[in-house]
Peer 1: 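Pasting in a structure now, in structure tokens, and then I'll have a few things to ask.
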Amino acid sequence: MKVVEIFDSIDGEGIRAGAGATFIRLAGCNLRCTYCDTAYALFGEDEPCVYEEMTVDEIVKKVNPRYKRVTLTGGEPLVHKDCRALTERLIENGCEVNVETNGAADITDIPRGGGLFFTIDYKLPSSGMTDKMIWNNFKNLTPRDVVKFVVGSDEDMEQTVEIVKKLKAIYDVMPHIFIGTVYGMYDAKKAVSTILTEDALADARFQLQMHKIIWDPNERGV
Ligand code: SF4
């Protein structure tokens, strides 16, 4: 598998925010979001990507046994054909695995159960990728999974409300809903105000990307 980096840090967002985890960042992505902050993990003419070829075994050995929490990220981890084998091995080893995925890669091939959950990003209009969302992914979640919205404009905020309404019509017990803002692009106060006033968002949680506050926003491996 093409691995950009493996490092230990705290999860910067989502249901494990603040908890130590081993991050496995795989190379390549099937999207090109306008605000991508991990261009170094993408392939393209102007996007040199430095990676190391590693086997599933080699990757699994790098997981810190102290906390056995793994965040599998990218790029888009699910574009790798060995992602299924990797998640299976991590689960067998007793890890809790957070698969961060972009909503445009089929999640149904990854076996559920054990400690695996998805944090799935619903790409809103300001990403330029909203038409790539696979709705089937969002219809097959469990209460353990997370749907994340990263808001960069008023239009994004309006669409977030509409999508959460659609999800509420599907689920008796909803996946977790997290709402954040594109760093430096949308007023966090405005997003919070919408969460506090829109009925559909009554159970949504606002989040800031903690790692961008603790460290330099462009720092890698943190
Ligand atoms: S899905 Fe993530 S990694 Fe891929 S282009 Fe968008 S922001 Fe970047």
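All ligand and atom numbering here is 1-based and tracks the order in the structure.
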Peer 1: Below 4.0 angstrom, N of the basic side chain to O of the carboxylate: do Arg89 and Asp82 qualify?
Peer 2: no

Peer 1: Which residue owns the protein heavy atom closest to atom 2 (Fe) of ligand 1, what's the atom, and how far is it?
Peer 2: Lys123 NZ, 4.0 Å

Peer 1: Run the salt-bridge test on Lys62 and Glu58 with the 4.0 Å N-O cut-off and return the result as yes or no.
Peer 2: no

Peer 1: Below the 2.8 Å mark, what number of protein N, O or S atoms do you get around atom 8 (Fe) of ligand 1?
Peer 2: 1

Peer 1: Step by step, work out the side-chain hydrogen bond (donor to acceptor under 3.5 Å, both in side chains) result for Thr55 and Asp57.
Peer 2: CA-CA 5 Å; Thr55 64; Asp57 278 349; 5.3 Å; no

Peer 1: Distance-only check: which donor-acceptor pairs under 3.5 Å involve side-chain atoms of residues 199-207, not counting sequence neighbours?
Peer 2:
from: Arg205; atom 1: NH2; to: His176; atom 2: ND1; distance (Å): 2.8
from: Gln207; atom 1: OE1; to: Gly14; atom 2: N; distance (Å): 2.7
from: Gln207; atom 1: NE2; to: Glu13; atom 2: OE1; distance (Å): 3.1

Peer 1: Can you name the side chain to side chain contact (heavy atoms under 4.5 Å, CB included) partners of Asp8, sequence neighbours left out?
Peer 2: Thr22, Asn64, Tyr67

Peer 1: Output all residues satisfying side-chain hydrogen bond (donor to acceptor under 3.5 Å, both in side chains) with Asp156, sequence neighbours left out; order by chain, then residue number.
Peer 2: Ser126, Ser153

